[in-house]
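A short write-up of the structure that comes next.
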Number of protein chains: 2
Amino acid sequence: MMTSNSASAREFPADSVGLVTPEALQFDQPLALECGSHLESWQLMVETYGQLNADASNAVLICHALSGHHHAAGFHSVEDRKPGWWDSYIGPGKPIDTNHFYVVSLNNLGGCHGSTGPSSINPATNKPYGPDFPVLTVGDWVDSQALLADRLGIRQWAAVVGGSLGGMQVLEWSLRFPDRLRHAVIIASTPKLTAQNIAFNEVARQAIRTDPDFHDGRYQEFNTIPRYGLRLARMVGHITYLSEHSMGEKFGRDLRKDHLNYGYDIDFEVESYLRYQGDTFSESFDANTYLLMTKALDYFDPASDFQGDLPKALAQASCRFLVVSFTTDWRFSPRRSEELVDALTAAGQRVSYARIKSSHGHDAFLIPDERYEAVFTTYMQKVAAEVEAGEKR
Amino acid sequence: MMTSNSASAREFPADSVGLVTPEALQFDQPLALECGSHLESWQLMVETYGQLNADASNAVLICHALSGHHHAAGFHSVEDRKPGWWDSYIGPGKPIDTNHFYVVSLNNLGGCHGSTGPSSINPATNKPYGPDFPVLTVGDWVDSQALLADRLGIRQWAAVVGGSLGGMQVLEWSLRFPDRLRHAVIIASTPKLTAQNIAFNEVARQAIRTDPDFHDGRYQEFNTIPRYGLRLARMVGHITYLSEHSMGEKFGRDLRKDHLNYGYDIDFEVESYLRYQGDTFSESFDANTYLLMTKALDYFDPASDFQGDLPKALAQASCRFLVVSFTTDWRFSPRRSEELVDALTAAGQRVSYARIKSSHGHDAFLIPDERYEAVFTTYMQKVAAEVEAGEKR
């Protein structure tokens, strides 16, 4: 599909959105936050794919997960070898079909990919926010995304879509702004974390916070980063993203060399892989953002305002739901999705559910898979047909 | 069962082995190790419970797990509030009944509870071994335990018993010294680690080794310990010892205070518990020992000398086997035990297997449970009856 002679002559695959350019949108309206604080002015880094139709009824919002960002599809330059993180599912003819939809993808507030976050300059001090950046919640993100929708002239999303922590944002959209979305697509997610989920997050946080280079979150002022802490956080996270089976398939007990070290160099392939994942991540991701994202995960619990009665919480929604889970996902197992589906059903909501057989664990939501694609495509085609029917009316 | 008036007047429970005194046994015969190195002289810290019979046929060896030691049962002083780590299963009338058996429990070589290990003085340098202590294998431990048996005048164990890493030692005994044990009791164990198991161990090792206070393992010379690294290692380990269910039952999403912090202090009970577990452990356990124990776990793979053919490896054994697993153990799941049982069966070995329903995850092997006790007791009574029949012959 690609020409291989020269980068400048490169053609992108026919089902790619092609070259895309992120845009920084500045918001000078204060954003009140759940913690009680607020952001006076803030910026969101945004990408869009496809064309907004005349009545702005074909917009789809993509909500990203823990380490995600605005660059969900396409390429930033002809030299780019790797497309956006959800390129398999966004593009012409793909499940989120840019021939039909205007797709909006952003880096969430608190992120480290261009949106205002802990590494941004705090206008009050002219230094990076660092630990003074407020702890955000999924609700705060949805509020900021609603202001983004206003800015883009989108009164109602055709669909809001996300996996994992992204799925929590989708669910929150359905409850906070019931009339501003027609469909909620919640993939590999959960209505709340378990104690074990929180425990893993806490290990990641403690790894970062007890790294001497963390400096109580002011590492930028010390011109350093808590590299080892962030590396450990990612290593532990990464284990939870893969299934035991996929790790076994990928690495088994394969040795790096043909003999054991009887020492602490790398013996097994899986050790090498984990160290590499940790190293790469620690060079590219902000530690304070990582902390903030894990707290947003821990805090998410829409039932908490309803004495733990999830169906009661979900009664507020008026959109239709697609919920998707993956069999070997042990971070947010199918049981978590089914809890949500059962509660939606009990709340009288319209919900479709697919439990996809996959060996890829939690990461399955990012990976091409025939049945997942089929379910996703079919659902989104229905959404697109509704958009077209609406236009014709 | 206990008098509550004064410590000095304290009576131990009737089914306790009561006061016990560990003994340090010195070995001045060189021990050749799998890594190619050897220990010139070495010490094992040992406890025994019950009486060795005239023909030394009633001895049971207890093999400990990662953070275990010689103190498996009874109390070290009348002030002791907590008995040994396996006191629920060792004592008069308990599954390993000290009315019948002479029980031997040791701290393995490389340990940090009195046996020669990384924090011992290296006679060659007059400094602590630290990182110069050789990496040991399960096979090395079994070799040292065989010399311990010689010292105690035990030619053949009535049974060798252990959980988790202890179970690996039991299995290794059955292959390395087939005629030196009559029964092998392998609990919550596995014939080899999976990639995921190794990955968790690697995270723990990296947490320790990247702690600036680790000093390449020479922290004792710097008069410090890699406290935060060891703390993280234990936190991550601890999550894998509990089941998702038991963590949920124990803590759920219970808050420490009646409101969220919107910060990085403790919000949830599970965070507090994990930090406490990590702190306590990091004060009491040696980091180099932790590293060594995890490597012994990773390396264990009796099939590796037989091109991965586990039944072929197991064909060497001649003892009888009891294998026990626990339903919610996800560190070494029932499937791992069943792999072993299937391979033993394929090798024509005599094996009994019990899959115990428990909500306690991997830790279940340490916790009182009616069905587990019943299975364990019944099996050990048969072993005791054989001992008695042998004595009468």
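Residue numbers start from 1 in every chain, and the chains themselves are labelled A, B, ... in the order their sequence lines are given, proteins ahead of strands.
- A cation-pi arrangement is present between Arg234(B) and Phe281(B), with the terminal nitrogen or guanidinium carbon under 6.0 Å from the aromatic centre and inside a 45° cone about the axis.
- Distance check, rounded to the nearest 0.5 Å: NZ of Lys192(B) to OG of Ser304(B) gives 9.5 Å.
- Options Gln196(A), Arg253(A), Arg231(A), His238(A) differ in how many heavy-atom pairs under 4.5 Å they form with chain B, and the most are formed by Arg253(A).
- Of the two parts of Leu274(B), only the side chain, counted from C-beta on, holds a non-hydrogen atom closer than 4.5 Å to a non-hydrogen atom of chain A.
- Heavy atoms closer than 4.5 Å to chain A are found in the side chain of Phe268(B), but not in its backbone.
- Interface remark: Ser37(B) contributes no atoms to any contact with chain A (heavy atom separation under 4.5 Å).
- Of the residues considered (Asp254(B), Asn201(B), Val270(B)), Val270(B) shows the highest number of contacts with chain A, using heavy-atom pairs under 4.5 Å.
- Looking at Ile266(B), neither its backbone nor its side chain comes within 4.5 Å of chain A, counting heavy atoms on both sides.
- There is no contact between Asp213(B) and chain A, counting heavy-atom distances below 4.5 Å.
- When heavy atoms are compared at a cutoff of 4.5 Å, Asp211(B) does not approach chain A at all.
- Of the two parts of Leu292(A), the backbone and the side chain both hold a non-hydrogen atom closer than 4.5 Å to a non-hydrogen atom of chain B.
- Top candidate by heavy-atom pairs under 4.5 Å with chain B, chosen from Val236(A), Thr194(A), Leu232(A), is Leu232(A).
- In this structure, His362(A) and Tyr241(A) have tilted ring planes: the angle between them lies in the 30° to 60° band.
- Only the side chain of Thr137(A) comes within contact range of chain B, judged by heavy atoms closer than 4.5 Å.
- Looking at Asp329(A) and Arg335(A), no side-chain N of the basic residue comes within less than 4.0 Å of a carboxylate O on the acidic one, giving no salt bridge.
- Heavy-atom distances place no part of Tyr273(A) under 4.5 Å from chain B, backbone and side chain included.
- Between chain A and the residues Arg205(B), Arg209(B), His245(B), the most heavy-atom pairs under 4.5 angstrom are made by Arg209(B).
- Separating the OG1 atom in Thr190(A) from the CD atom in Glu338(A) is a distance of 11.5 Å, to the nearest 0.5 Å.
- For Glu34(A), the parts lying under 4.5 angstrom from a heavy atom of chain B are both the backbone and the side chain.
- Considering CG of Asn197(B) and OG of Ser333(B), their distance stands at 9.0 Å, rounded to 0.5 Å.
- At least one side-chain heavy atom of Arg275(A) sits less than 4.5 Å from a side-chain heavy atom of Glu202(B).
- The CD atom of Glu271(B) sits 8.5 Å away from atom CG of Asn261(B), with the distance rounded to the nearest 0.5 Å.
- Relative orientation of the Tyr290(A) and Phe285(A) rings is perpendicular, given thresholds of 30° and 60° on the angle between their planes.
- The existence of a salt bridge linking Glu244(B) and Arg336(A) is confirmed by a sub-4.0 Å separation between a basic side-chain nitrogen and an acidic carboxylate oxygen.
- Between Lys257(B) and Asp267(B) there is no salt bridge, since no side-chain N of the basic residue sits under 4.0 Å from a carboxylate O of the acidic one.
- Using cut-offs of 30° and 60° for the angle between ring planes, the Trp330(A) and Phe200(A) rings count as perpendicular.
- Proximity to chain A is absent for every atom of Leu136(B), based on heavy atoms less than 4.5 angstrom apart.
- Within residues 216-228 of chain B, the residues having any heavy atom closer than 4.5 Å to a heavy atom of chain A are Tyr228(B), listed by residue number.
- When all heavy atoms of Phe332(A) and Leu297(A) are compared, the closest pair comes out as CZ-CD2, 4.1 Å.
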